Amino acid sequence: MPDRYPSRPVHGTDGSSTDKVIGEILAIARDVLSAPSLESDDDLADHGATSLALTRIIAEVHLTLGLDIDARDLSDRITVGALAQVG
Amino acid sequence: MSSDTSHGQRGQAGVMSAPAAEAVDATAEAILQLSGLTRQLGTLALPEGTCDTAPEIVEAMCEALAVPLVFTAPASDRTKDFAIVALAAEIQREQRAPALSEISLSVAAERAHQRLQTERRTVREHRLPRPDTTRLTVVETGPTDAPAIVISLPCMLSYRLALPWLAALGHRYRCVVLQGRGSGEPIENAEDFDDRGYDMQAQAGDLVAVAEELGDAPVHVMGICGGAAVALAAAADRPDVIGSLSLWHPDLELGDEVERTDHQINLRALVDLGAQSRETGSWIRDKVVSGPMTGVPEGIGPLVVSPYASAELFYRYASLTAATMSWDGRGAAKQLRGPLLVVTSEDDNLAHPAASHRMAQLVDGAQELTARRGSHLDAFRAIPAHVDRLVTFLAD
């Protein structure tokens, strides 16, 4: 499947792969939720994430980064940081 | 079924209190909302613990209503399927009604059975075979010699969502609901669905076939939410069969400049992926149901969640819905010749009202009714203002 976000700016890059992953997921989540102010430790629900929106984020992350996130591994408070951690 | 003795004879027919009757009816409706699924999938396993208050009454009513349910699905968080949880939510809530404890199993079962018989006398059901071997499920109410209205629902959703419309219109119209392809028949060979086809031509052809079956007089078609695309396509293609059209909170693709809601954008992305293959569809479904499902409306939750009940159903839902959501309705709108009524609300956060406004602009003489406040679900509720407007529109 094609990478739909090949040139998306990466947030918080400091050279570590974890930060890069968080940045990529953050960009996807901001796009899906139309929430440019979203930060990696924000609860996605506070930015209007429905179950469909969260699924779309997970699907886009899979398409872009190849990560398979299982929402069963997440706590009630779902953040971009948490998605990166379980991915 | 368990013994009746624990409830004694307090609940004999004729002495049931109004709250008890209401509780039985609400529980029966919650069970019946799963009848379409059990017809397709067979016995449906809902989570353990669903019937934490009145398990024996629910069991007796399931038997009376011929809806095979068992309550054995895993309930732990690691294995929980939240679609199944949502499917069970109505039964769980209704069986907790205190009034149910007043009545015996036999009385509850008898009332449920009577309710089913009454519904079967009022809402007639038959199968319509198609050339591709699909057997459509068609339900109707009202006098067979009355002017006909055909309701086009969103893909894969049960005709029960249209029951309020049948109740509101059935005394003066022959009111018919098409339950679309892929959703009405037991699943014997899953790939039959692919072989028969699910594109817009197939879906609109089904609607035209239902309308043609009703006689020579042109019918009115109501396209509700995602059913609007099929209704529009059929009406534009066959004005000799479909004389007029109404669209209710329609989900229509009318060009990039027409605004969509986040829900529409997300759903479109997911059904596009889910339609790629059964494997992809199963993956998407698993992601959706691995956490609590948001936005499931109380009262009709099982009817809305049913396309997520299994991987095969979701694949079908995705395939059919991807076809309707990607279909550009502008050509059909310009081709439309019969009268058009478009109904929406400014605050519909599921199907953006912009498509309704655009439709009204595209079709000469179109009538538009836009409530300042409302709900997407108003499209299914047959609220008096909507019924009155439709009846006036049809009389004109």
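Computed from a prediction, not measured in an experiment: that's the story for all the values here. A note on names: the letters A, B, ... follow the listed sequences, proteins ahead of strands, and every chain is numbered from 1.
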Nearest-0.5 Å distance, [atom1] of residue [X] to [atom2] of residue [Y]:
{"X": "A/T55", "Y": "B/W283", "atom1": "OG1", "atom2": "CH2", "value": "8.5 Å"}
{"X": "A/L74", "Y": "B/S290", "atom1": "CG", "atom2": "OG", "value": "8.0 Å"}
{"X": "A/D70", "Y": "B/D286", "atom1": "CG", "atom2": "CG", "value": "6.5 Å"}

CD/B/E346: more than 12 non-hydrogen atoms of other groups inside 6.0 Å
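Enclosed: over 12 neighbouring heavy atoms sit under 6.0 Å from CD of B/E346.
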Is the number of heavy atoms from other residues, nucleotides or ligands under 6.0 Å of B/E257 CD greater than 12?
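Counting other residues, nucleotides and ligands, CD of B/E257 exceeds 12 neighbours.
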For the backbone of A/I69 and the side chain of B/K287, can you confirm whether one donor and one acceptor N or O come within less than 3.5 Å of each other?
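The answer is yes, because a donor-acceptor pair under 3.5 Å joins these two groups.
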For the side chain of B/T294 and the backbone of A/S51, is there at least one donor-acceptor N/O pair under 3.5 Å apart?
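It does hold such a pair.
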For A/D73, is it the side chain, the backbone, both, or neither that has a heavy atom closer than 4.5 Å to a heavy atom of chain B?
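For A/D73, backbone and side chain are both near chain B.
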Which atoms of A/T50 are under 4.5 Å from chain B, going by heavy atoms: the side chain, the backbone, both sets, or neither?
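Both backbone and side chain.
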Pair B/D81 + A/R72: basic N to acidic O under 4.0 Å:
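Salt bridge between B/D81 and A/R72, a charged N being under 4.0 Å from a carboxylate O: no.
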Taking the side chain as every heavy atom from C-beta outward, state whether [X] and [Y] have any pair of such atoms under 4.5 Å apart.
{"X": "A/L52", "Y": "B/H263", "answer": "yes"}
{"X": "B/L273", "Y": "A/L63", "answer": "yes"}
{"X": "B/I284", "Y": "A/R56", "answer": "no"}

Quick one: which of B/I265, B/N266, B/V289 has the most heavy-atom pairs under 4.5 Å with chain A, could you say?
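Heavy-atom pairs under 4.5 Å are most numerous for B/N266.
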